[in-house]
*Asks:* 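Once you've had a glance at the structure underneath, I'll fire off some questions.
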Amino acid sequence: MNTLRSLVWISLGVVVAALAAAMTLSLTMVAGLVMSLALGWRMMSLKQKPMPLYARARKQQARQPVRIWNDGNGTIIDM
């Protein structure tokens with residue numbers, strides 16, 4: 001009788017451990033799925049950044065001279 005009772009407790013412990021492992025695995029899979037979906041949603045919903053435009057001086061424009069004057073409060077340089 002003692003041996004039978006020990007076998008029942010051992011089998012019950014194995015079943016509980018297997019259920020705990022299955023629950024942990026399923027919760028891990030669900031969390032991974034939710035995070036993957038959130039990452040995919042964010043990747044698809046972000047706007048594409050436009051290509052940068054580099055400013056260049058116009059070649060047709062005549063270069064104006066630099067004007068420098070002093071107004072009494074400091075030197076002003078107008079470029």
*Asks:* Suppose clustering is done on Ile, Leu, Val, Met, Phe, Trp and Tyr with side-chain heavy atoms closer than 4.5 Å. Which residues sit in the same group as M23?
*Replies:* L27

*Asks:* Among all residues two or more places apart in sequence or in another chain, which pass the side chain to side chain contact (heavy atoms under 4.5 Å, CB included) test with L19?
*Replies:* V15

*Asks:* Kindly give the heavy-atom pair with the smallest separation between T75 and I68, and that separation in Å.
*Replies:* CG2-CG2, 3.7 Å

*Asks:* Going from CG on L33 to OG1 on T28, what distance comes out if it is rounded to the nearest 0.5 angstrom?
*Replies:*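 Between atom CG of L33 and atom OG1 of T28 there are 12.5 Å.
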
*Asks:* Crowded around W9 CH2? As in, over 12 foreign heavy atoms under 6.0 Å?
*Replies:*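 For W9, atom CH2 is not crowded (no more than 12 foreign heavy atoms under 6.0 Å).
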
